[in-house]
Amino acid sequence: MDQHIKDPLIVAPEQTRRPSRGRGFLTGCVVLAVLAGIVWWTRQQAAPPQAGGGRNAGPMSIVPEAVGKGDIGVSLNALGTVTSLATVTIRSQISGYLMKIDFKEGDEVKKGDLIAEIDSRPYEATLAQAKGTLARDEAQLKGAQVDLTRYQNLATQNAVAHQTLDTQVALVAQYQGTVEADRASVKSAEVNLQYCRIVSPINGRVGLRQVDLGNYVTPGDTNGLVVITQLEPISVLFTLPEDNLQAVAKRLKEGAVLPAAAYDRSGASKLADGSLQTFDSQIDATTGTIKLRAQFENDKRTLYPNQFVNIRLLLDTHKDATTMSTAGIQRGVPGTFVYLVNVDSTVSVRPVKIGVTDGDRVEVLSGLVPGDRIVIDGADKLREGAKVVVRSAADTASPAGAAKGTASGAANGAAKGGGAAPDKAGGGDHKGSADGQKK
(Lines give C-alpha, C1' and ligand atoms only; values in the text may rest on other atoms or scores of the structure.)
Protein backbone atom coordinates (compact mmCIF):
# COMPACT_ATOMS: atom_id res chain seq x y z
CA MET A 1 0.00 0.00 0.00
CA ASP A 2 1.18 3.51 -0.79
CA GLN A 3 2.37 5.35 2.32
CA HIS A 4 1.42 8.78 0.87
CA ILE A 5 -2.24 7.80 0.84
CA LYS A 6 -3.72 8.56 4.25
CA ASP A 7 -6.12 6.23 5.87
CA PRO A 8 -9.61 7.70 6.01
CA LEU A 9 -9.95 6.47 9.57
CA ILE A 10 -7.03 8.62 10.60
CA VAL A 11 -8.03 11.77 8.67
CA ALA A 12 -11.56 11.94 10.08
CA PRO A 13 -10.61 12.67 13.72
CA GLU A 14 -8.31 15.57 12.71
CA GLN A 15 -11.12 17.16 10.76
CA THR A 16 -13.55 16.86 13.66
CA ARG A 17 -11.15 18.32 16.28
CA ARG A 18 -10.54 21.63 14.49
CA PRO A 19 -14.13 22.90 14.57
CA SER A 20 -14.53 21.96 18.34
CA ARG A 21 -11.35 23.92 19.21
CA GLY A 22 -12.76 27.08 17.61
CA ARG A 23 -16.06 26.85 19.53
CA GLY A 24 -14.22 26.47 22.86
CA PHE A 25 -12.20 29.60 22.22
CA LEU A 26 -15.34 31.60 21.45
CA THR A 27 -17.07 30.28 24.55
CA GLY A 28 -14.15 31.35 26.75
CA CYS A 29 -14.22 34.83 25.30
CA VAL A 30 -17.93 35.17 26.04
CA VAL A 31 -17.46 34.01 29.64
CA LEU A 32 -14.65 36.51 30.20
CA ALA A 33 -16.77 39.31 28.80
CA VAL A 34 -19.68 38.40 31.05
CA LEU A 35 -17.44 38.30 34.13
CA ALA A 36 -15.91 41.65 33.23
CA GLY A 37 -19.41 43.14 32.90
CA ILE A 38 -20.47 41.75 36.24
CA VAL A 39 -17.39 43.16 37.96
CA TRP A 40 -17.94 46.57 36.38
CA TRP A 41 -21.63 46.64 37.34
CA THR A 42 -20.83 45.57 40.91
CA ARG A 43 -18.32 48.40 41.31
CA GLN A 44 -20.86 50.84 39.96
CA GLN A 45 -23.46 49.77 42.52
CA ALA A 46 -21.09 49.44 45.47
CA ALA A 47 -19.50 52.89 45.12
CA PRO A 48 -21.19 55.03 47.86
CA PRO A 49 -21.90 58.69 47.36
CA GLN A 50 -19.34 60.88 49.01
CA ALA A 51 -20.79 62.25 52.25
CA GLY A 52 -19.50 64.68 54.81
CA GLY A 53 -16.85 62.31 56.13
CA GLY A 54 -14.79 61.89 52.93
CA ARG A 55 -11.38 63.42 52.37
CA ASN A 56 -12.60 65.69 49.58
CA ALA A 57 -16.11 66.24 51.04
CA GLY A 58 -17.44 69.71 51.76
CA PRO A 59 -17.77 71.10 55.32
CA MET A 60 -20.79 70.04 57.39
CA SER A 61 -23.37 72.62 58.42
CA ILE A 62 -23.65 72.87 62.23
CA VAL A 63 -25.13 75.10 64.95
CA PRO A 64 -22.70 75.95 67.78
CA GLU A 65 -23.32 77.24 71.28
CA ALA A 66 -20.95 78.78 73.79
CA VAL A 67 -20.44 77.10 77.14
CA GLY A 68 -21.71 79.38 79.88
CA LYS A 69 -21.53 79.87 83.62
CA GLY A 70 -24.39 80.20 86.04
CA ASP A 71 -26.53 78.59 88.72
CA ILE A 72 -27.98 75.12 88.20
CA GLY A 73 -30.49 73.45 90.46
CA VAL A 74 -30.37 69.96 91.95
CA SER A 75 -33.94 68.75 91.47
CA LEU A 76 -35.87 65.60 92.37
CA ASN A 77 -38.69 64.52 90.07
CA ALA A 78 -41.73 62.59 91.24
CA LEU A 79 -45.32 61.78 90.30
CA GLY A 80 -47.95 63.25 92.64
CA THR A 81 -51.67 63.52 93.25
CA VAL A 82 -53.42 66.78 94.07
CA THR A 83 -55.21 66.54 97.44
CA SER A 84 -57.48 69.11 99.04
CA LEU A 85 -56.61 70.28 102.54
CA ALA A 86 -60.31 70.11 103.50
CA THR A 87 -63.22 68.31 101.86
CA VAL A 88 -66.56 68.50 103.69
CA THR A 89 -69.76 66.65 102.89
CA ILE A 90 -72.61 68.86 104.11
CA ARG A 91 -75.20 66.75 105.94
CA SER A 92 -78.26 67.73 107.92
CA GLN A 93 -77.98 67.42 111.70
CA ILE A 94 -81.75 67.19 112.11
CA SER A 95 -84.68 65.68 110.24
CA GLY A 96 -87.07 67.80 108.26
CA TYR A 97 -88.18 69.08 104.88
CA LEU A 98 -85.70 71.06 102.82
CA MET A 99 -87.31 74.47 102.43
CA LYS A 100 -84.54 76.50 100.80
CA ILE A 101 -81.31 75.95 98.85
CA ASP A 102 -79.17 79.06 98.96
CA PHE A 103 -76.31 78.15 96.58
CA LYS A 104 -75.60 77.42 92.94
CA GLU A 105 -73.46 74.54 91.83
CA GLY A 106 -69.87 75.69 91.40
CA ASP A 107 -70.23 78.74 93.65
CA GLU A 108 -67.41 79.96 95.86
CA VAL A 109 -68.56 80.12 99.48
CA LYS A 110 -66.99 81.53 102.62
CA LYS A 111 -67.08 80.11 106.11
CA GLY A 112 -70.50 80.90 107.65
CA ASP A 113 -72.36 81.42 104.35
CA LEU A 114 -75.89 80.00 104.24
CA ILE A 115 -76.16 76.74 102.29
CA ALA A 116 -79.71 75.52 102.93
CA GLU A 117 -82.67 75.83 105.32
CA ILE A 118 -84.87 73.13 106.85
CA ASP A 119 -88.43 73.63 108.08
CA SER A 120 -87.94 75.12 111.53
CA ARG A 121 -91.53 75.19 112.85
CA PRO A 122 -91.37 71.90 114.79
CA TYR A 123 -88.14 72.96 116.46
CA GLU A 124 -89.49 76.39 117.34
CA ALA A 125 -92.39 74.70 119.11
CA THR A 126 -90.05 72.37 120.98
CA LEU A 127 -87.99 75.32 122.13
CA ALA A 128 -91.09 77.16 123.38
CA GLN A 129 -92.20 74.08 125.29
CA ALA A 130 -88.78 73.70 126.89
CA LYS A 131 -88.79 77.33 127.97
CA GLY A 132 -92.24 76.95 129.53
CA THR A 133 -91.18 73.91 131.50
CA LEU A 134 -88.11 75.77 132.70
CA ALA A 135 -90.22 78.73 133.89
CA ARG A 136 -92.57 76.44 135.83
CA ASP A 137 -89.76 74.56 137.55
CA GLU A 138 -87.93 77.78 138.37
CA ALA A 139 -91.10 79.03 140.12
CA GLN A 140 -91.36 75.81 142.13
CA LEU A 141 -87.70 76.12 143.11
CA LYS A 142 -88.23 79.66 144.23
CA GLY A 143 -91.20 78.67 146.44
CA ALA A 144 -89.26 75.79 147.96
CA GLN A 145 -86.34 78.12 148.75
CA VAL A 146 -88.72 80.55 150.54
CA ASP A 147 -90.11 77.70 152.67
CA LEU A 148 -86.60 76.52 153.48
CA THR A 149 -85.67 79.97 154.76
CA ARG A 150 -88.77 80.02 156.98
CA TYR A 151 -88.07 76.55 158.38
CA GLN A 152 -84.48 77.49 159.14
CA ASN A 153 -85.62 80.50 161.23
CA LEU A 154 -88.15 78.38 163.13
CA ALA A 155 -85.58 75.66 163.75
CA THR A 156 -83.41 78.15 165.67
CA GLN A 157 -86.38 78.64 168.06
CA ASN A 158 -87.15 74.93 168.21
CA ALA A 159 -90.53 75.71 166.66
CA VAL A 160 -90.29 73.13 163.91
CA ALA A 161 -89.07 69.59 163.79
CA HIS A 162 -85.66 68.94 162.29
CA GLN A 163 -87.21 66.28 160.06
CA THR A 164 -89.36 68.89 158.38
CA LEU A 165 -86.32 71.09 157.83
CA ASP A 166 -84.35 68.23 156.29
CA THR A 167 -87.22 67.34 153.98
CA GLN A 168 -87.42 70.92 152.76
CA VAL A 169 -83.66 71.01 152.08
CA ALA A 170 -83.97 67.87 149.93
CA LEU A 171 -86.96 69.32 148.09
CA VAL A 172 -85.02 72.48 147.19
CA ALA A 173 -82.13 70.39 145.85
CA GLN A 174 -84.58 68.35 143.78
CA TYR A 175 -86.06 71.46 142.20
CA GLN A 176 -82.60 72.79 141.48
CA GLY A 177 -81.77 69.63 139.54
CA THR A 178 -85.03 69.86 137.63
CA VAL A 179 -84.29 73.45 136.69
CA GLU A 180 -80.81 72.50 135.43
CA ALA A 181 -82.33 69.75 133.25
CA ASP A 182 -84.88 72.20 131.90
CA ARG A 183 -82.15 74.67 131.01
CA ALA A 184 -80.29 71.92 129.15
CA SER A 185 -83.48 71.09 127.24
CA VAL A 186 -83.80 74.72 126.24
CA LYS A 187 -80.21 74.78 124.97
CA SER A 188 -80.77 71.56 123.02
CA ALA A 189 -83.87 73.02 121.40
CA GLU A 190 -81.96 76.19 120.54
CA VAL A 191 -79.17 74.15 118.92
CA ASN A 192 -81.67 72.14 116.86
CA LEU A 193 -83.28 75.37 115.78
CA GLN A 194 -79.88 76.65 114.66
CA TYR A 195 -79.34 73.44 112.70
CA CYS A 196 -82.31 74.42 110.57
CA ARG A 197 -79.94 76.89 108.95
CA ILE A 198 -77.07 74.95 107.35
CA VAL A 199 -73.96 77.07 106.86
CA SER A 200 -70.57 76.38 105.28
CA PRO A 201 -67.87 75.34 107.76
CA ILE A 202 -64.95 76.22 105.41
CA ASN A 203 -63.98 78.40 102.49
CA GLY A 204 -64.23 76.45 99.27
CA ARG A 205 -66.06 75.57 96.10
CA VAL A 206 -69.52 74.01 96.09
CA GLY A 207 -69.85 70.84 94.04
CA LEU A 208 -72.92 69.27 92.46
CA ARG A 209 -76.16 69.24 94.47
CA GLN A 210 -77.10 65.82 95.84
CA VAL A 211 -80.68 66.57 96.95
CA ASP A 212 -83.50 68.69 95.58
CA LEU A 213 -85.76 71.24 97.21
CA GLY A 214 -88.70 69.77 99.14
CA ASN A 215 -87.06 66.47 100.04
CA TYR A 216 -87.15 65.11 103.57
CA VAL A 217 -83.59 64.98 104.85
CA THR A 218 -82.21 63.13 107.84
CA PRO A 219 -78.81 62.90 109.56
CA GLY A 220 -78.44 59.37 108.16
CA ASP A 221 -78.32 60.42 104.50
CA THR A 222 -75.07 59.01 103.10
CA ASN A 223 -74.68 61.41 100.17
CA GLY A 224 -75.52 64.55 102.12
CA LEU A 225 -76.67 67.77 100.54
CA VAL A 226 -73.50 68.87 98.75
CA VAL A 227 -69.70 68.60 98.97
CA ILE A 228 -67.55 71.68 99.59
CA THR A 229 -63.88 71.41 98.63
CA GLN A 230 -61.12 73.79 99.65
CA LEU A 231 -59.03 74.79 96.63
CA GLU A 232 -56.98 77.66 98.06
CA PRO A 233 -54.50 76.61 99.26
CA ILE A 234 -54.18 73.03 98.04
CA SER A 235 -51.60 70.31 98.48
CA VAL A 236 -49.92 67.60 96.41
CA LEU A 237 -48.95 64.23 97.80
CA PHE A 238 -45.97 62.60 96.05
CA THR A 239 -43.43 59.89 96.77
CA LEU A 240 -39.63 59.78 96.60
CA PRO A 241 -37.21 56.87 96.96
CA GLU A 242 -36.04 56.33 100.51
CA ASP A 243 -32.47 57.07 99.36
CA ASN A 244 -33.44 60.76 98.98
CA LEU A 245 -34.93 61.04 102.46
CA GLN A 246 -31.73 62.00 104.27
CA ALA A 247 -30.95 64.83 101.86
CA VAL A 248 -34.49 66.22 102.14
CA ALA A 249 -34.60 65.88 105.92
CA LYS A 250 -31.23 67.61 106.26
CA ARG A 251 -32.36 70.60 104.23
CA LEU A 252 -35.62 70.92 106.20
CA LYS A 253 -33.75 70.65 109.48
CA GLU A 254 -31.53 73.52 108.38
CA GLY A 255 -34.66 75.64 107.98
CA ALA A 256 -34.48 75.79 104.19
CA VAL A 257 -37.63 76.32 102.15
CA LEU A 258 -37.60 73.78 99.33
CA PRO A 259 -39.47 75.11 96.27
CA ALA A 260 -41.74 72.64 94.50
CA ALA A 261 -43.17 73.11 91.00
CA ALA A 262 -46.15 71.21 89.62
CA TYR A 263 -46.17 70.29 85.91
CA ASP A 264 -48.79 68.67 83.72
CA ARG A 265 -48.67 65.03 82.56
CA SER A 266 -46.25 65.81 79.73
CA GLY A 267 -43.92 67.66 82.09
CA ALA A 268 -43.67 70.59 79.67
CA SER A 269 -46.17 73.09 81.10
CA LYS A 270 -45.81 74.44 84.64
CA LEU A 271 -49.10 74.61 86.53
CA ALA A 272 -48.20 76.12 89.91
CA ASP A 273 -45.36 76.97 92.29
CA GLY A 274 -45.32 75.96 95.93
CA SER A 275 -43.08 74.62 98.67
CA LEU A 276 -42.49 71.40 100.54
CA GLN A 277 -44.33 71.20 103.87
CA THR A 278 -43.35 67.90 105.43
CA PHE A 279 -42.87 64.17 104.87
CA ASP A 280 -44.44 61.07 106.34
CA SER A 281 -43.25 59.40 109.53
CA GLN A 282 -42.58 55.99 107.99
CA ILE A 283 -41.33 54.44 104.76
CA ASP A 284 -43.58 52.21 102.68
CA ALA A 285 -41.91 48.79 102.96
CA THR A 286 -43.59 47.44 99.79
CA THR A 287 -42.25 50.15 97.47
CA GLY A 288 -39.27 51.56 99.36
CA THR A 289 -40.62 55.10 99.05
CA ILE A 290 -41.71 57.82 101.43
CA LYS A 291 -44.67 60.15 101.03
CA LEU A 292 -44.25 63.95 101.06
CA ARG A 293 -46.67 66.88 100.98
CA ALA A 294 -46.15 70.13 99.08
CA GLN A 295 -48.52 73.07 99.40
CA PHE A 296 -49.57 75.47 96.61
CA GLU A 297 -51.52 78.73 96.82
CA ASN A 298 -53.46 77.76 93.68
CA ASP A 299 -54.82 81.27 93.20
CA LYS A 300 -55.10 80.63 89.44
CA ARG A 301 -57.05 77.39 90.00
CA THR A 302 -54.76 75.23 87.89
CA LEU A 303 -54.81 72.36 90.39
CA TYR A 304 -57.86 70.26 91.27
CA PRO A 305 -58.21 67.35 93.69
CA ASN A 306 -57.23 63.89 92.37
CA GLN A 307 -55.33 65.45 89.46
CA PHE A 308 -52.09 63.68 88.49
CA VAL A 309 -49.11 66.04 88.19
CA ASN A 310 -45.35 65.86 87.90
CA ILE A 311 -43.50 67.41 90.85
CA ARG A 312 -40.04 68.93 90.55
CA LEU A 313 -38.56 69.52 94.00
CA LEU A 314 -35.57 71.88 94.10
CA LEU A 315 -33.27 70.33 96.68
CA ASP A 316 -30.20 72.56 96.26
CA THR A 317 -28.55 75.03 93.88
CA HIS A 318 -24.97 74.88 92.58
CA LYS A 319 -23.72 78.45 92.28
CA ASP A 320 -21.46 79.66 89.43
CA ALA A 321 -21.28 76.27 87.75
CA THR A 322 -20.08 75.66 84.18
CA THR A 323 -23.19 74.79 82.17
CA MET A 324 -24.02 73.75 78.63
CA SER A 325 -26.99 72.61 76.60
CA THR A 326 -27.97 68.96 76.88
CA ALA A 327 -28.26 68.90 73.07
CA GLY A 328 -24.48 68.97 72.79
CA ILE A 329 -23.90 65.80 74.82
CA GLN A 330 -22.73 62.82 72.73
CA ARG A 331 -22.16 59.27 73.96
CA GLY A 332 -19.94 56.70 72.34
CA VAL A 333 -16.65 54.85 72.65
CA PRO A 334 -14.89 57.78 74.42
CA GLY A 335 -17.78 57.87 76.89
CA THR A 336 -19.50 61.23 77.27
CA PHE A 337 -18.04 63.77 74.86
CA VAL A 338 -18.81 66.87 72.81
CA TYR A 339 -17.65 68.21 69.46
CA LEU A 340 -15.57 71.31 70.15
CA VAL A 341 -15.52 73.94 67.40
CA ASN A 342 -11.95 75.10 66.75
CA VAL A 343 -10.81 78.47 65.41
CA ASP A 344 -9.91 76.93 62.03
CA SER A 345 -13.54 75.83 61.42
CA THR A 346 -12.84 72.22 62.36
CA VAL A 347 -14.19 70.12 65.19
CA SER A 348 -12.42 67.93 67.68
CA VAL A 349 -13.73 65.32 70.09
CA ARG A 350 -13.54 66.53 73.70
CA PRO A 351 -14.40 64.06 76.53
CA VAL A 352 -16.37 65.74 79.32
CA LYS A 353 -17.63 64.81 82.76
CA ILE A 354 -21.14 66.02 83.48
CA GLY A 355 -23.02 66.55 86.74
CA VAL A 356 -26.66 67.28 87.47
CA THR A 357 -29.19 68.15 84.80
CA ASP A 358 -31.70 70.98 85.16
CA GLY A 359 -34.15 71.12 82.28
CA ASP A 360 -32.19 71.61 79.05
CA ARG A 361 -28.99 72.62 80.87
CA VAL A 362 -26.38 70.28 82.33
CA GLU A 363 -23.50 70.94 84.70
CA VAL A 364 -19.99 70.38 83.30
CA LEU A 365 -17.58 69.12 85.92
CA SER A 366 -14.50 68.86 83.69
CA GLY A 367 -13.44 69.04 80.04
CA LEU A 368 -14.78 72.48 79.10
CA VAL A 369 -14.42 76.06 80.24
CA PRO A 370 -16.83 78.97 79.79
CA GLY A 371 -16.49 80.43 76.30
CA ASP A 372 -15.81 77.13 74.48
CA ARG A 373 -18.05 76.57 71.49
CA ILE A 374 -19.66 73.16 71.10
CA VAL A 375 -21.90 71.65 68.41
CA ILE A 376 -25.54 71.35 69.47
CA ASP A 377 -27.05 70.56 66.05
CA GLY A 378 -25.62 68.73 63.06
CA ALA A 379 -23.26 66.40 64.95
CA ASP A 380 -24.59 63.18 63.40
CA LYS A 381 -21.93 62.83 60.69
CA LEU A 382 -19.07 64.69 62.30
CA ARG A 383 -15.67 63.13 62.86
CA GLU A 384 -12.42 64.25 64.46
CA GLY A 385 -10.96 67.11 62.39
CA ALA A 386 -14.01 67.48 60.12
CA LYS A 387 -14.54 70.85 58.46
CA VAL A 388 -17.70 72.71 59.47
CA VAL A 389 -19.64 75.75 58.43
CA VAL A 390 -21.66 77.60 61.07
CA ARG A 391 -25.33 78.34 60.63
CA SER A 392 -27.62 80.15 63.03
CA ALA A 393 -30.39 78.63 65.10
CA ALA A 394 -32.93 80.57 62.98
CA ASP A 395 -31.71 78.75 59.88
CA THR A 396 -32.20 75.46 61.69
CA ALA A 397 -35.85 76.26 62.35
CA SER A 398 -36.40 77.20 58.68
CA PRO A 399 -36.12 74.41 56.06
CA ALA A 400 -35.08 76.94 53.45
CA GLY A 401 -32.33 78.25 55.71
CA ALA A 402 -31.09 74.74 56.44
CA ALA A 403 -31.00 73.93 52.74
CA LYS A 404 -29.15 77.16 52.09
CA GLY A 405 -26.56 76.29 54.75
CA THR A 406 -26.07 72.81 53.30
CA ALA A 407 -25.77 74.13 49.77
CA SER A 408 -23.25 76.77 50.77
CA GLY A 409 -21.22 74.15 52.63
CA ALA A 410 -21.19 71.88 49.59
CA ALA A 411 -20.22 74.78 47.32
CA ASN A 412 -17.33 75.76 49.60
CA GLY A 413 -16.17 72.15 49.69
CA ALA A 414 -16.26 71.87 45.92
CA ALA A 415 -14.28 75.10 45.55
CA LYS A 416 -11.61 73.88 47.98
CA GLY A 417 -11.43 70.51 46.21
CA GLY A 418 -10.54 71.97 42.80
CA GLY A 419 -13.98 72.83 41.50
CA ALA A 420 -15.09 69.28 40.74
CA ALA A 421 -16.91 66.88 43.05
CA PRO A 422 -15.79 63.25 43.11
CA ASP A 423 -17.67 60.90 40.85
CA LYS A 424 -20.40 59.07 42.78
CA ALA A 425 -20.09 56.06 40.52
CA GLY A 426 -16.44 55.49 41.29
CA GLY A 427 -15.08 57.95 38.74
CA GLY A 428 -12.04 58.48 40.90
CA ASP A 429 -11.16 54.77 40.65
CA HIS A 430 -11.53 54.81 36.86
CA LYS A 431 -9.35 57.88 36.61
CA GLY A 432 -6.65 56.22 38.68
CA SER A 433 -6.81 53.12 36.50
CA ALA A 434 -6.53 55.19 33.32
CA ASP A 435 -3.54 57.06 34.66
CA GLY A 436 -1.91 53.79 35.53
CA GLN A 437 -2.43 52.45 32.02
CA LYS A 438 -0.98 55.59 30.51
CA LYS A 439 2.08 55.26 32.65
Euclidean distance, Lys110 NZ relative to Ile202 CD1, rounded to 0.5 Å: 11.5 Å
Shortest non-hydrogen contact between Val248 and Leu258, atoms and distance: CG1-CD1, 4.2 Å
Residue pair Asp166 / Gln163, side-chain heavy-atom distance below 4.5 Å: no
Thr164 side chain reached by Tyr151 side chain, heavy atoms, under 4.5 Å: yes
pair Val82-Tyr304: side-chain heavy atoms closer than 4.5 Å: no
salt_bridge(Glu254, Arg251) N-O dist < 4.0 Å: yes
Salt bridge (Lys or Arg N to Asp or Glu O under 4.0 Å) between Arg183 and Glu138, worked out: CA-CA 10 Å; Arg183 289 173 179 172; Glu138 285 179 341; 3.4 Å; yes
Rounded distance (nearest 0.5 Å) linking atom CG of Leu148 with atom CG of Leu165: 6.5 Å
Ser75 side chain to Arg312 side chain, donor-acceptor N/O pair below 3.5 angstrom: no
Interatomic spacing from NZ in Lys69 to NZ in Lys319 - rounded to 0.5 Å: 13.0 Å
Chi angles and distances behind the side-chain hydrogen bond (donor to acceptor under 3.5 Å, both in side chains) call for Arg293, Ser235: CA-CA 7 Å; Arg293 184 189 295 274; Ser235 69; 2.7 Å; yes
Donor-acceptor under 3.5 Å (Asp372 side chain, Val369 main chain): yes
Test: Arg361 and Glu65 ion pair at under 4.0 Å: yes
Nearest heavy-atom neighbours spanning Phe238 and Ala294: CE2-CB, 3.9 Å
Ion pair Asp107/Lys104, N-O distance below 4.0 Å: no
Salt-bridge contact Arg350-Glu384 (side-chain N to carboxylate O under 4.0 Å): no
